[in-house]
Amino acid sequence: MSTKSVTLKSVTKTFIDDQNKFVHAVSDVNLVIKQGEFATLLGPSGCGKTTTLRMVAGFEEISTGDIFFGEENVNKISPNKRDCTMVFQSYALFPHMTVFENVAYGLKIKKLPKEEIERKVDDIFAIMNLTEHKTRMPSQLSGGQQQRVALARALVMEPGVLLFDEPLSNLDAKLRLLMRDEIRRLQKRLGITAIYVTHDQSEAMSMSDKVIVMNKGKIEQIGTPQEIYQRPKTKFVADFIGTANFINGKISKVTEDELFIQTEDSVLKAIRHGDFSVDDAIQMVVRPEAIHLLEEESGEIKGKVVKSVFMGQTQDYEVEYNGVNLQVTVHNPMGERIYQVGEIVSLHFPRESLHVI
Ligand SMILES: Nc1ncnc2c1ncn2[C@@H]1O[C@H](COP(=O)(O)OP(=O)(O)OP(=O)(O)O)[C@@H](O)[C@H]1O
Ligand SMILES: [Mg+2]
C-alpha cells in the first residue's frame, strides 16, 4: 500500500448562495499532513471542515489554491481517480447487497480477479472481526456494525488517503469510544494517512497525531493534542478545547525564560513562550486542573468559593477573583480538604500552568 502525504496550499472555497451572496467557506488554508499521519479538522459547526474534506476528496472544486497528494497536484483529478476514499456519517451501505458484497463492490468495479477480491475482503473481515456477519444484509446489523462495514469497505480499497466526515456521530456514547479506538488501531496498523473531521474535541484529542483547529473558514492553530491544549495560540482555541480560565494582566518583567505578570493585586510568574515586552496587555489561560487550592495564605491570589460540587473523581469549584469566576478542579478529592461556598481560599498557579496569549 502506498500511503500519501496531503498538502493544501492557499486553498480557498467561495460559494455563491441562493441570494447570490458570496459565502467564504474556506479561506487561505495551508496545511501539510504527513504520510501515515492521523490529522483531525476540528471546529464549530459551519467553520468549513466538510468543505475542506470534500475538496481533498475532489467532490468540491476549489476556488483558488492547490492540493497535492504526495508530489502530485490533484486539482484536476476527478474523485474516482484520486487515491482516496471517504467514510461518511451515514454509512451509505447498499441495502440490497450482503455485507460481503458491499465490501467487495469497489474491488469488483476495479475488475480485480475473483480470488483476489475474496482474499482481500476476508483479510479485512478478519482484522475487523466482521467474518461472522459477512452473509448478512445491512438491515440485519446494528448501527455500530454497519459503521464497521462502511469502514471495511473504505479500507479494503487500500487508499493512499482515508477521509472521515464525523463517522461516529450516529452512534451512542459507549460505541463511539470503542470505535475511536478501533479506527485509530486500524489506521496505525495499516499506516494509512487519515484526515478526520469532527466537532467533538475529545474525539480529536484522543485520536489524532495532529489537530487542526478551524474557525470561520480559517485555521486558528495546528499542533499535537498536547500543544493545542497546553499552549493555545488564541482565545478561541483555548475556549474551544476543554475548559479555560482567562485572567487579564500586564507584563511587568521579561527574562530569558520567564514572564512576570501584574494582575490587579498580585504578580504571577509564567514560562515564556514567544516574544513579549514590558507593559503588553495580555491574557493568561489556565486550565481548571492546573490551579492549586491552599488553605494557608501561600498562594499568589485569594478568592471566594462560590460553587463547590462533588463529582466523584473530582471536586469542582468556582472561585471568584476580581469579578471573574475561576473554574478549579481538584482530582481525587477523597484525601483533600473540601472547601465550602463562602470560604476564602488561596490559589497557587504553578509557573508552567499559566500560558500567556
Ligand atoms: N453548497 C453550498 N452553498 C453555499 N454555502 C455553502 C455550501 N456548502 C457549505 N456552505 C457554507 O459553507 C460554510 C462551511 O460549511 P461546512 O459544511 O464546510 O461546515 P462544517 O464545518 O462541516 O460544519 P458542520 O460541523 O455543521 O458539519 C457554512 O457557512 C455553510 O453554510
Ligand atoms: Mg460538516
Side-chain angles (χ1 to χ4, degrees), residues 6-31 33 38-67 74-75 78-79 82 84-92 143 146-147 150-151 154 161-173 175-177 179-180 183 187 193-208 210-223 225 228 232-242:
V6 177
T7 306
L8 279 69
K9 282 196 179 148
S10 304
V11 170
T12 297
K13 178 72 194 183
T14 307
F15 290 108
I16 297 174
D17 71 6
D18 49 349
Q19 288 156 32
N20 263 346
K21 286 208 185 98
F22 291 120
V23 180
H24 300 289
V26 175
S27 310
D28 193 28
V29 161
N30 290 286
L31 188 58
I33 296 155
F38 194 107
T40 300
L41 299 173
L42 173 69
S45 184
C47 73
K49 306 180 295 293
T50 295
T51 306
T52 305
L53 202 69
R54 286 173 57 81
M55 288 192 285
V56 173
F59 298 140
E60 203 75 72
E61 223 177 289
I62 59 181
S63 302
T64 61
D66 293 288
I67 298 182
V74 296
N75 285 14
S78 65
R82 284 190 198 192
C84 68
T85 43
M86 188 141 157
V87 182
F88 298 93
Q89 177 177 346
S90 59
Y91 322 123
Q146 289 183 43
Q147 189 55 301
L151 185 59
V161 183
L162 197 51
L163 308 174
F164 298 91
D165 194 357
E166 312 233 13
L168 307 183
S169 34
N170 287 340
L171 305 178
D172 69 44
L175 202 50
R176 285 177 79 125
L177 291 180
M179 284 297 293
R180 271 185 202 180
I183 290 175
Q187 181 268 341
T193 307
I195 311 180
Y196 190 97
V197 161
T198 182
H199 60 266
D200 180 332
Q201 46 125 346
S202 67
E203 213 165 276
M205 301 289 277
S206 63
M207 297 176 85
S208 317
K210 180 183 267 175
V211 179
I212 300 131
V213 185
M214 292 185 71
N215 181 27
K216 296 183 183 152
K218 295 199 171 102
I219 293 179
E220 288 265 334
Q221 187 168 353
I222 301 175
I228 299 276
K233 281 198 178 133
T234 62
K235 188 166 182 194
F236 175 86
V237 174
D239 232 359
F240 193 75
I241 317 287

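Quantities reported herein were computed from a predicted structural model and do not represent experimental measurements. One-based numbering, in listed order, for ligands and for the atoms of each.
Residue D17 has no nitrogen or oxygen atom sitting less than 3.5 Å from a nitrogen or oxygen atom of ligand 1, judged on distance alone. Not one N or O of G43 is nearer than 3.5 Å to an N or O of ligand 1, by distance alone. Between T50 and ligand 1, at least one N/O pair is under 3.5 Å apart. Looking at H199 next to ligand 1, no N or O pair under 3.5 Å apart turns up. Note: an N/O pair closer than 3.5 Å links C47 and ligand 1 by distance alone.
Counting atoms of ligand 1 from 1 in the listed order, those under 4.0 Å from a heavy atom of E166 are 25 (O).
The single protein non-hydrogen atom nearest to atom 30 (C) of ligand 1 is V23 CG1, 4.8 Å, given as residue, atom name and distance. Scanning the protein for heavy atoms near atom 14 (C) of ligand 1, the closest one is G46 O, 3.4 Å. Among protein heavy atoms, atom 4 (C) of ligand 1 sits closest to F15 CB, 3.4 Å. K49 NZ, 2.8 Å is the protein heavy atom nearest to atom 25 (O) of ligand 1. Distance from atom 12 (O) of ligand 1 to its nearest protein heavy atom, with residue and atom name: A25 CB, 3.3 Å. Nearest to atom 18 (O) of ligand 1 among the protein's heavy atoms is T51 OG1, 2.5 Å. Atom 26 (O) of ligand 1 has as its closest protein heavy atom S45 OG, 2.5 Å.
F38 has its side chain within reach of I183: a pair of non-hydrogen atoms, C-beta onward, lies under 4.5 Å apart. The closest side-chain heavy-atom distance from L42 to M214 is not below 4.5 Å. You'll find the side chain of M86 reaches within 4.5 Å of the side chain of L53, heavy atoms only. Taking 4.5 Å as the limit, every side-chain heavy atom of L31 sits out of range of all side-chain heavy atoms of T7. The shortest distance between side-chain heavy atoms of K13 and R54 does not fall below 4.5 Å. Side-chain atoms of V211 and Q201, non-hydrogen and from C-beta on, never get closer than 4.5 Å to each other.
The side chain to side chain donor-acceptor pair (under 3.5 Å) check on K210 picks up E37, with sequence neighbours excluded. Contacts of F164 classified as ring-ring contact (aromatic ring centres under 6.0 Å, His included), with partners at least two apart in sequence or in another chain: Y196.
Contact annotation: T50 places an N, O or S atom under 2.8 Å from the Mg ion (ligand 2).
For the residue pair T12 and D28, no side-chain donor N or O sits within less than 3.5 Å of a side-chain acceptor on the partner.
Contacts between M214 and ligand 1 below 4.0 angstrom, taking non-hydrogen atoms only, are absent altogether.
At least one protein heavy atom sits closer than 4.0 Å to atom 7 (C) of ligand 1.
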Could you give me the CA-CA distance, side-chain angles and deciding distance for E220 and K233, then say whether salt bridge (Lys or Arg N to Asp or Glu O under 4.0 Å) is met?
-> CA-CA 8 Å; E220 288 265 334; K233 281 198 178 133; over 6 Å; no

